[in-house]
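We number each residue from 1, following the sequence as shown. Values below: all heavy atoms of this structure, side chains included; hydrogens, waters and symmetry mates excluded.
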Amino acid sequence: MFSTLVSDIARRDADRNDDGRSQLSRARSYASTAATSVSITGDIKSQLHGGYSHPLARSWQAERQLTKSMLIFPLFVSDQPDEETIIPALPNQNRRGLNKLVPYLKPLVEKGLKSVILFGVPLAPGAKDALGTSADDPKGPVIKAIRLLRRTFPDLFIVADVCLCEYTSHGHCGILRDDGSLNNALSVDRISDVAMAYAEAGAHCVAPSDMNDGRIRAIKLKLIEAGIAHQVVLMSYSAKFSGVLYGPFRDAAGSCPSFGDRRCYQLPPGGRGLARRAIVRDINEGADIIMVKPASQYLDIISDAKELGKDMPVAAYQVSGEYAMIHAAAKAGVFDLRAMAEEATQGILRAGASIVVSYFTPEFLDWLSED
(Lines give C-alpha, C1' and ligand atoms only; values in the text may rest on other atoms or scores of the structure.)
Protein backbone atom coordinates (compact mmCIF):
# COMPACT_ATOMS: atom_id res chain seq x y z
CA MET A 1 0.00 0.00 0.00
CA PHE A 2 2.65 2.51 1.08
CA SER A 3 5.06 1.66 -1.73
CA THR A 4 2.24 2.30 -4.22
CA LEU A 5 1.53 5.65 -2.57
CA VAL A 6 5.17 6.69 -2.91
CA SER A 7 5.24 5.61 -6.54
CA ASP A 8 2.06 7.51 -7.39
CA ILE A 9 3.23 10.74 -5.78
CA ALA A 10 6.63 10.49 -7.43
CA ARG A 11 5.07 9.96 -10.88
CA ARG A 12 2.70 12.89 -10.41
CA ASP A 13 5.49 15.24 -9.37
CA ALA A 14 7.69 14.13 -12.26
CA ASP A 15 4.87 14.94 -14.70
CA ARG A 16 4.59 18.43 -13.18
CA ASN A 17 8.34 18.90 -13.74
CA ASP A 18 8.66 20.39 -10.22
CA ASP A 19 11.41 19.72 -7.76
CA GLY A 20 10.96 15.93 -8.04
CA ARG A 21 13.68 15.03 -5.55
CA SER A 22 12.12 17.20 -2.83
CA GLN A 23 8.58 15.95 -3.54
CA LEU A 24 9.68 12.32 -3.49
CA SER A 25 11.44 12.83 -0.17
CA ARG A 26 8.30 14.34 1.33
CA ALA A 27 6.19 11.46 -0.02
CA ARG A 28 8.46 8.88 1.55
CA SER A 29 8.38 10.73 4.86
CA TYR A 30 4.59 10.83 4.73
CA ALA A 31 4.37 7.12 3.94
CA SER A 32 6.80 6.24 6.73
CA THR A 33 4.82 8.29 9.24
CA ALA A 34 1.57 6.69 8.16
CA ALA A 35 3.02 3.19 8.41
CA THR A 36 4.38 3.83 11.89
CA SER A 37 1.07 5.21 13.04
CA VAL A 38 -0.79 2.14 11.83
CA SER A 39 1.72 -0.43 13.13
CA ILE A 40 2.08 0.78 16.71
CA THR A 41 -1.44 2.22 17.07
CA GLY A 42 -0.12 4.94 19.29
CA ASP A 43 1.66 2.68 21.83
CA ILE A 44 5.38 2.14 21.32
CA LYS A 45 5.50 -0.52 24.08
CA SER A 46 3.68 -2.92 21.76
CA GLN A 47 6.83 -3.46 19.70
CA LEU A 48 8.42 -6.66 21.07
CA HIS A 49 9.99 -8.56 18.15
CA GLY A 50 13.31 -6.76 18.33
CA GLY A 51 13.80 -8.02 21.85
CA TYR A 52 14.02 -11.64 20.77
CA SER A 53 15.09 -11.48 17.12
CA HIS A 54 18.53 -12.94 17.86
CA PRO A 55 19.15 -16.38 19.48
CA LEU A 56 21.20 -14.84 22.30
CA ALA A 57 18.56 -12.19 22.89
CA ARG A 58 15.95 -14.96 23.11
CA SER A 59 17.96 -16.68 25.82
CA TRP A 60 18.01 -13.42 27.80
CA GLN A 61 14.21 -13.44 27.87
CA ALA A 62 14.13 -16.69 29.85
CA GLU A 63 12.96 -16.60 33.45
CA ARG A 64 15.85 -18.92 34.35
CA GLN A 65 18.64 -20.42 32.31
CA LEU A 66 19.04 -24.19 32.80
CA THR A 67 22.50 -25.04 34.08
CA LYS A 68 24.15 -28.34 34.97
CA SER A 69 24.09 -27.43 38.65
CA MET A 70 20.27 -27.36 38.62
CA LEU A 71 19.97 -31.03 37.64
CA ILE A 72 19.62 -34.05 39.94
CA PHE A 73 19.90 -37.47 38.29
CA PRO A 74 17.85 -40.36 39.76
CA LEU A 75 19.71 -43.65 40.26
CA PHE A 76 18.19 -47.06 41.04
CA VAL A 77 20.70 -48.92 43.21
CA SER A 78 20.24 -52.68 43.47
CA ASP A 79 21.40 -54.90 46.31
CA GLN A 80 22.83 -57.25 43.66
CA PRO A 81 26.41 -55.90 43.25
CA ASP A 82 26.91 -56.85 39.59
CA GLU A 83 23.42 -56.15 38.30
CA GLU A 84 22.92 -53.87 35.31
CA THR A 85 19.36 -54.36 34.12
CA ILE A 86 17.54 -52.28 31.52
CA ILE A 87 14.24 -50.81 32.72
CA PRO A 88 11.87 -51.39 29.77
CA ALA A 89 9.42 -48.61 30.64
CA LEU A 90 12.21 -46.07 31.18
CA PRO A 91 14.29 -45.67 28.00
CA ASN A 92 18.04 -45.39 28.58
CA GLN A 93 17.65 -46.07 32.33
CA ASN A 94 19.07 -49.06 34.21
CA ARG A 95 18.99 -50.62 37.64
CA ARG A 96 22.59 -51.00 38.79
CA GLY A 97 24.48 -52.73 41.56
CA LEU A 98 27.34 -51.13 43.47
CA ASN A 99 30.02 -52.60 41.22
CA LYS A 100 28.45 -50.93 38.19
CA LEU A 101 27.86 -47.47 39.67
CA VAL A 102 31.33 -45.94 39.46
CA PRO A 103 32.10 -46.99 35.84
CA TYR A 104 28.72 -45.61 34.79
CA LEU A 105 28.98 -42.32 36.68
CA LYS A 106 32.63 -41.49 35.96
CA PRO A 107 32.09 -40.10 32.42
CA LEU A 108 28.97 -38.25 33.57
CA VAL A 109 30.87 -36.58 36.40
CA GLU A 110 33.58 -35.62 33.91
CA LYS A 111 30.87 -33.98 31.77
CA GLY A 112 29.67 -31.93 34.72
CA LEU A 113 27.20 -34.07 36.68
CA LYS A 114 26.69 -32.31 40.01
CA SER A 115 24.08 -34.33 41.91
CA VAL A 116 22.32 -37.70 42.10
CA ILE A 117 19.36 -38.97 44.10
CA LEU A 118 19.51 -42.59 45.26
CA PHE A 119 16.63 -45.07 45.32
CA GLY A 120 17.36 -48.46 46.84
CA VAL A 121 16.05 -51.62 45.17
CA PRO A 122 16.22 -54.65 47.49
CA LEU A 123 15.93 -57.86 45.46
CA ALA A 124 17.39 -60.46 47.82
CA PRO A 125 14.97 -63.06 49.20
CA GLY A 126 13.47 -61.91 52.49
CA ALA A 127 14.69 -58.31 52.03
CA LYS A 128 11.19 -56.90 52.47
CA ASP A 129 8.98 -57.01 55.54
CA ALA A 130 6.08 -55.11 57.07
CA LEU A 131 8.36 -52.57 58.77
CA GLY A 132 10.82 -51.97 55.91
CA THR A 133 13.73 -52.90 58.17
CA SER A 134 16.20 -53.16 55.28
CA ALA A 135 15.77 -49.46 54.42
CA ASP A 136 18.51 -48.44 56.86
CA ASP A 137 20.52 -51.65 56.83
CA PRO A 138 24.21 -50.61 56.90
CA LYS A 139 24.86 -53.33 54.34
CA GLY A 140 21.92 -52.23 52.17
CA PRO A 141 22.30 -50.61 48.74
CA VAL A 142 21.68 -46.98 49.70
CA ILE A 143 24.04 -46.66 52.65
CA LYS A 144 26.79 -48.56 50.83
CA ALA A 145 26.24 -46.41 47.72
CA ILE A 146 26.45 -43.19 49.75
CA ARG A 147 29.79 -44.22 51.22
CA LEU A 148 31.13 -45.41 47.85
CA LEU A 149 30.17 -42.23 46.04
CA ARG A 150 31.51 -39.97 48.79
CA ARG A 151 34.90 -41.70 48.50
CA THR A 152 35.01 -41.82 44.72
CA PHE A 153 33.43 -38.51 43.75
CA PRO A 154 34.08 -36.07 46.62
CA ASP A 155 32.45 -33.15 44.78
CA LEU A 156 29.26 -35.01 43.85
CA PHE A 157 26.20 -33.88 45.85
CA ILE A 158 24.38 -36.97 47.10
CA VAL A 159 20.66 -36.92 47.82
CA ALA A 160 19.04 -39.93 49.49
CA ASP A 161 15.34 -40.47 48.90
CA VAL A 162 13.71 -41.46 52.19
CA CYS A 163 10.71 -43.77 52.00
CA LEU A 164 9.70 -47.29 52.97
CA CYS A 165 7.75 -48.32 49.88
CA GLU A 166 10.71 -50.08 48.21
CA TYR A 167 11.39 -52.04 51.41
CA THR A 168 7.96 -53.00 52.74
CA SER A 169 6.28 -56.26 51.81
CA HIS A 170 3.01 -54.37 51.25
CA GLY A 171 4.57 -51.58 49.13
CA HIS A 172 3.09 -48.68 51.09
CA CYS A 173 5.06 -45.67 52.32
CA GLY A 174 4.92 -46.40 56.03
CA ILE A 175 3.83 -48.82 58.73
CA LEU A 176 0.25 -50.06 58.57
CA ARG A 177 -2.44 -50.69 61.15
CA ASP A 178 -4.27 -54.02 61.28
CA ASP A 179 -7.02 -52.61 59.06
CA GLY A 180 -4.50 -51.69 56.33
CA SER A 181 -4.55 -47.93 56.97
CA LEU A 182 -1.37 -45.95 57.55
CA ASN A 183 -0.17 -45.57 61.12
CA ASN A 184 1.18 -42.03 60.87
CA ALA A 185 2.94 -41.88 64.24
CA LEU A 186 4.87 -45.13 63.80
CA SER A 187 5.61 -44.28 60.16
CA VAL A 188 7.08 -40.89 61.05
CA ASP A 189 9.29 -42.42 63.73
CA ARG A 190 10.54 -45.05 61.31
CA ILE A 191 11.05 -42.63 58.41
CA SER A 192 13.01 -40.19 60.57
CA ASP A 193 15.28 -43.03 61.73
CA VAL A 194 15.98 -43.98 58.11
CA ALA A 195 16.73 -40.35 57.24
CA MET A 196 19.18 -40.19 60.14
CA ALA A 197 20.95 -43.35 58.97
CA TYR A 198 21.44 -41.87 55.50
CA ALA A 199 22.65 -38.55 56.91
CA GLU A 200 25.13 -40.25 59.24
CA ALA A 201 26.38 -42.38 56.32
CA GLY A 202 27.34 -39.17 54.52
CA ALA A 203 24.35 -38.07 52.41
CA HIS A 204 24.50 -34.33 51.77
CA CYS A 205 20.71 -34.21 51.55
CA VAL A 206 17.84 -36.36 52.81
CA ALA A 207 14.57 -36.17 50.88
CA PRO A 208 11.51 -37.76 52.53
CA SER A 209 8.95 -38.70 49.86
CA ASP A 210 6.47 -40.59 52.03
CA MET A 211 4.01 -37.71 52.63
CA ASN A 212 3.31 -38.70 56.25
CA ASP A 213 2.17 -35.75 58.36
CA GLY A 214 4.89 -34.30 60.59
CA ARG A 215 7.88 -36.15 59.23
CA ILE A 216 9.84 -32.97 58.40
CA ARG A 217 9.70 -31.78 62.01
CA ALA A 218 10.68 -35.24 63.28
CA ILE A 219 13.69 -35.46 60.95
CA LYS A 220 14.82 -31.92 61.70
CA LEU A 221 14.66 -32.54 65.45
CA LYS A 222 16.70 -35.74 65.18
CA LEU A 223 19.29 -33.98 62.98
CA ILE A 224 19.56 -31.25 65.63
CA GLU A 225 19.85 -33.77 68.47
CA ALA A 226 22.59 -35.62 66.59
CA GLY A 227 24.50 -32.37 66.04
CA ILE A 228 24.49 -32.63 62.23
CA ALA A 229 21.59 -30.36 61.26
CA HIS A 230 24.10 -27.71 60.15
CA GLN A 231 25.55 -29.96 57.43
CA VAL A 232 22.55 -31.87 56.03
CA VAL A 233 20.03 -30.38 53.59
CA LEU A 234 16.41 -31.39 54.26
CA MET A 235 14.50 -31.46 50.96
CA SER A 236 10.82 -32.21 51.40
CA TYR A 237 8.53 -33.77 48.83
CA SER A 238 5.94 -31.31 50.11
CA ALA A 239 3.45 -31.41 47.23
CA LYS A 240 3.49 -34.99 45.97
CA PHE A 241 0.33 -35.89 44.09
CA SER A 242 -1.24 -39.29 43.56
CA GLY A 243 -1.88 -40.32 39.98
CA VAL A 244 -0.91 -42.47 37.03
CA LEU A 245 2.54 -41.06 36.23
CA TYR A 246 4.59 -43.24 38.61
CA GLY A 247 4.18 -46.59 36.87
CA PRO A 248 7.65 -46.89 35.29
CA PHE A 249 9.33 -45.89 38.56
CA ARG A 250 7.39 -48.47 40.55
CA ASP A 251 8.40 -51.15 38.06
CA ALA A 252 12.04 -50.08 38.38
CA ALA A 253 12.06 -49.85 42.17
CA GLY A 254 9.68 -52.73 42.86
CA SER A 255 7.47 -50.44 44.94
CA CYS A 256 3.95 -51.14 43.68
CA PRO A 257 1.44 -51.44 46.55
CA SER A 258 0.30 -55.03 47.02
CA PHE A 259 -3.21 -53.76 47.74
CA GLY A 260 -5.10 -50.47 47.56
CA ASP A 261 -3.42 -47.24 46.53
CA ARG A 262 -1.77 -44.17 48.05
CA ARG A 263 -4.58 -41.66 47.68
CA CYS A 264 -5.08 -41.27 51.42
CA TYR A 265 -1.60 -39.83 51.94
CA GLN A 266 -0.53 -38.50 48.54
CA LEU A 267 -2.39 -35.39 47.40
CA PRO A 268 -5.42 -35.55 45.08
CA PRO A 269 -4.64 -34.09 41.61
CA GLY A 270 -7.19 -31.30 42.06
CA GLY A 271 -6.04 -30.39 45.56
CA ARG A 272 -4.28 -27.07 45.03
CA GLY A 273 -5.35 -25.77 48.43
CA LEU A 274 -4.11 -28.93 50.14
CA ALA A 275 -0.79 -28.57 48.34
CA ARG A 276 -0.42 -24.99 49.52
CA ARG A 277 -1.16 -26.04 53.09
CA ALA A 278 1.35 -28.90 52.89
CA ILE A 279 4.03 -26.56 51.54
CA VAL A 280 3.46 -24.03 54.34
CA ARG A 281 3.48 -26.84 56.92
CA ASP A 282 6.82 -28.21 55.72
CA ILE A 283 8.39 -24.75 55.56
CA ASN A 284 7.33 -24.18 59.16
CA GLU A 285 8.67 -27.59 60.21
CA GLY A 286 12.17 -26.82 58.95
CA ALA A 287 12.45 -27.91 55.30
CA ASP A 288 15.38 -26.34 53.44
CA ILE A 289 14.04 -27.09 49.96
CA ILE A 290 10.45 -27.61 48.79
CA MET A 291 9.72 -30.16 46.06
CA VAL A 292 6.72 -30.56 43.77
CA LYS A 293 6.06 -33.95 42.14
CA PRO A 294 5.09 -34.55 39.31
CA ALA A 295 6.22 -31.43 37.47
CA SER A 296 4.69 -30.71 34.06
CA GLN A 297 1.05 -31.26 35.07
CA TYR A 298 1.51 -29.20 38.23
CA LEU A 299 3.18 -26.00 37.05
CA ASP A 300 0.66 -23.96 39.03
CA ILE A 301 1.77 -25.75 42.21
CA ILE A 302 5.44 -25.01 41.41
CA SER A 303 4.45 -21.36 41.05
CA ASP A 304 2.58 -21.54 44.37
CA ALA A 305 5.62 -23.11 46.05
CA LYS A 306 7.82 -20.26 44.85
CA GLU A 307 5.29 -17.73 46.11
CA LEU A 308 4.91 -19.38 49.51
CA GLY A 309 8.62 -20.10 49.90
CA LYS A 310 9.95 -17.10 48.02
CA ASP A 311 13.24 -17.16 49.92
CA MET A 312 13.74 -20.91 49.45
CA PRO A 313 14.89 -23.12 46.58
CA VAL A 314 12.04 -24.94 44.84
CA ALA A 315 12.63 -28.35 43.25
CA ALA A 316 10.44 -30.21 40.78
CA TYR A 317 10.60 -33.91 39.89
CA GLN A 318 9.87 -34.68 36.25
CA VAL A 319 8.69 -38.19 37.07
CA SER A 320 9.07 -41.45 35.19
CA GLY A 321 5.70 -41.20 33.42
CA GLU A 322 6.47 -37.72 32.11
CA TYR A 323 9.85 -38.90 30.83
CA ALA A 324 8.38 -42.05 29.25
CA MET A 325 5.61 -40.07 27.50
CA ILE A 326 8.13 -37.69 25.93
CA HIS A 327 10.18 -40.64 24.66
CA ALA A 328 7.10 -42.46 23.32
CA ALA A 329 5.78 -39.41 21.48
CA ALA A 330 9.19 -38.63 20.01
CA LYS A 331 9.52 -42.23 18.83
CA ALA A 332 6.11 -41.90 17.15
CA GLY A 333 7.31 -38.83 15.29
CA VAL A 334 5.11 -36.36 17.15
CA PHE A 335 8.08 -34.08 17.91
CA ASP A 336 11.84 -34.01 18.28
CA LEU A 337 13.03 -35.56 21.56
CA ARG A 338 15.57 -32.89 22.45
CA ALA A 339 13.26 -30.02 21.54
CA MET A 340 10.48 -31.39 23.75
CA ALA A 341 12.79 -32.25 26.65
CA GLU A 342 14.13 -28.72 26.59
CA GLU A 343 10.69 -27.13 26.23
CA ALA A 344 9.23 -29.15 29.11
CA THR A 345 12.17 -28.27 31.34
CA GLN A 346 11.94 -24.59 30.43
CA GLY A 347 8.31 -24.68 31.50
CA ILE A 348 9.29 -26.12 34.88
CA LEU A 349 11.92 -23.43 35.39
CA ARG A 350 9.56 -20.68 34.23
CA ALA A 351 6.97 -21.79 36.77
CA GLY A 352 9.47 -21.15 39.58
CA ALA A 353 11.70 -24.20 40.08
CA SER A 354 15.46 -23.77 40.34
CA ILE A 355 16.21 -27.50 40.81
CA VAL A 356 14.97 -30.25 38.47
CA VAL A 357 15.12 -33.98 39.18
CA SER A 358 15.33 -35.34 35.65
CA TYR A 359 16.01 -38.62 33.88
CA PHE A 360 17.19 -36.48 30.96
CA THR A 361 20.22 -35.34 32.98
CA PRO A 362 22.81 -37.35 30.96
CA GLU A 363 21.47 -35.88 27.71
CA PHE A 364 21.40 -32.38 29.17
CA LEU A 365 25.06 -32.69 30.17
CA ASP A 366 25.83 -33.08 26.46
CA TRP A 367 23.27 -30.57 25.18
CA LEU A 368 24.36 -27.83 27.57
CA SER A 369 28.01 -28.37 26.60
CA GLU A 370 27.08 -27.76 22.96
CA ASP A 371 25.50 -24.37 23.61
Side-chain angles (χ1 to χ4, degrees), residues 64 66-75 77 105 109 112-120 135-136 142-143 145-164 173 188 191-212 214-240 278-293 295 302 305-306 308-319 348-349 352-358 361:
R64 288 175 180 81
L66 179 65
T67 64
K68 294 178 182 180
S69 63
M70 292 179 173
L71 296 165
I72 301 177
F73 184 34
L75 293 175
V77 186
L105 288 176
V109 170
L113 178 67
K114 303 297 184 184
S115 179
V116 295
I117 182 167
L118 305 178
F119 297 93
D136 51 357
V142 172
I143 289 179
I146 291 169
R147 291 172 174 160
L148 173 65
L149 297 181
R150 284 295 301 260
R151 288 195 309 271
T152 311
F153 305 112
D155 295 326
L156 186 66
F157 188 86
I158 301 166
V159 183
D161 177 83
V162 184
C163 196
L164 298 183
C173 303
V188 165
I191 287 289
S192 56
D193 281 348
V194 174
M196 281 301 303
Y198 295 164
E200 289 172 340
H204 299 98
C205 173
V206 291
S209 60
D210 55 296
M211 287 298 287
N212 286 285
R215 86 272 201 224
I216 300 303
R217 182 176 186 274
I219 294 171
K220 197 73 166 187
L221 287 174
K222 288 186 179 181
L223 289 171
I224 293 169
E225 289 170 1
I228 57 174
H230 64 289
Q231 61 189 31
V232 179
V233 177
L234 179 48
M235 179 165 64
S236 172
Y237 290 70
S238 293
K240 181 180 179 180
I279 290 166
V280 170
R281 175 199 66 192
D282 288 359
I283 291 173
N284 291 337
E285 290 187 5
D288 298 303
I289 300 172
I290 295 299
M291 187 192 290
V292 176
K293 178 183 180 181
I302 297 173
K306 191 57 186 173
L308 297 167
K310 54 182 175 292
D311 298 322
M312 301 176 63
V314 173
Y317 195 148
Q318 187 184 55
V319 301
I348 294 166
L349 297 179
S354 55
I355 302 165
V356 184
V357 183
S358 174
T361 295

Looking at [X] and [Y], would you say the former's side chain and the latter's main chain have a donor-acceptor pair under 3.5 Å?
| X | Y | result |
| --- | --- | --- |
| K306 | M312 | yes |
| R215 | P208 | yes |
| N212 | C173 | yes |

Please output the side-chain donor-acceptor pairs of residues 216-228 that fall under 3.5 Å, not counting sequence neighbours, one pair per line with the distance.
unit_1 : atom_1 : unit_2 : atom_2 : d
K220   : NZ     : G286   : O      : 3.1
K220   : NZ     : D288   : OD1    : 3.4
K220   : NZ     : D288   : OD2    : 3.3
K222   : NZ     : D189   : O      : 3.4
K222   : NZ     : D189   : OD1    : 3.2
K222   : NZ     : S192   : OG     : 2.9
K222   : NZ     : D193   : OD1    : 2.7

Considering all heavy atoms of both residues, which atom of [X] and which atom of [Y] are nearest to each other, and what is their separation?
| X | Y | value |
| --- | --- | --- |
| M235 | A315 | SD-CB, 4.0 Å |
| A145 | L118 | CB-CD1, 4.0 Å |
| V194 | A135 | CG2-CB, 4.0 Å |
| G214 | V188 | O-CG1, 4.0 Å |
| I302 | A353 | CG2-N, 3.5 Å |
| Y237 | M211 | O-SD, 3.0 Å |

Considering residues at least two apart in sequence or located in another chain, which fulfil the side-chain hydrogen bond (donor to acceptor under 3.5 Å, both in side chains) criterion with R64?
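None.
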
Worked verdict on Y198 versus I143 for side-chain contact (heavy atoms from CB on, under 4.5 Å)
CA-CA 6 Å; Y198 295 164; I143 289 179; 3.8 Å; yes

Are any of the side-chain heavy atoms of D282 and I290 separated by less than 4.5 Å?
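Touching, per the 4.5 Å side-chain cut-off.
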
Is any side-chain heavy atom of I72 less than 4.5 Å from a side-chain heavy atom of M291?
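Counting from C-beta outward, I72 and M291 never come under 4.5 Å.
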
Can you measure from [atom1] ([X]) to [atom2] ([Y]) and round to the nearest 0.5 angstrom?
| X | Y | atom1 | atom2 | value |
| --- | --- | --- | --- | --- |
| L156 | L149 | CG | CG | 6.0 Å |
| L71 | I355 | CG | CD1 | 10.5 Å |
| F73 | S115 | CZ | OG | 11.5 Å |
| C205 | I289 | SG | CD1 | 5.5 Å |
| I348 | L66 | CD1 | CG | 9.5 Å |
| R281 | S238 | CZ | OG | 7.0 Å |

Passes side-chain contact (heavy atoms from CB on, under 4.5 Å), T152 versus L105? Steps please.
CA-CA 10 Å; T152 311; L105 288 176; over 6 Å; no

Holding to ring pair (Phe, Tyr, Trp, His ring centres under 6.0 Å), I want the full list of residues that pass it with F157, two or more places apart in sequence or in another chain.
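Partners of F157 under the ring pair (Phe, Tyr, Trp, His ring centres under 6.0 Å) test: H204.
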
Full working for side-chain contact (heavy atoms from CB on, under 4.5 Å) between M70 and L349:
CA-CA 10 Å; M70 292 179 173; L349 297 179; 4.0 Å; yes

Show the numbers, then the answer: is there a side-chain contact (heavy atoms from CB on, under 4.5 Å) between V142 and V77?
CA-CA 7 Å; V142 172; V77 186; 5.6 Å; no

salt_bridge(K114, D155) N-O dist < 4.0 Å:
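Between D155 and K114 there is no salt bridge, as every charged N stays at least 4.0 Å from the carboxylate O atoms.
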
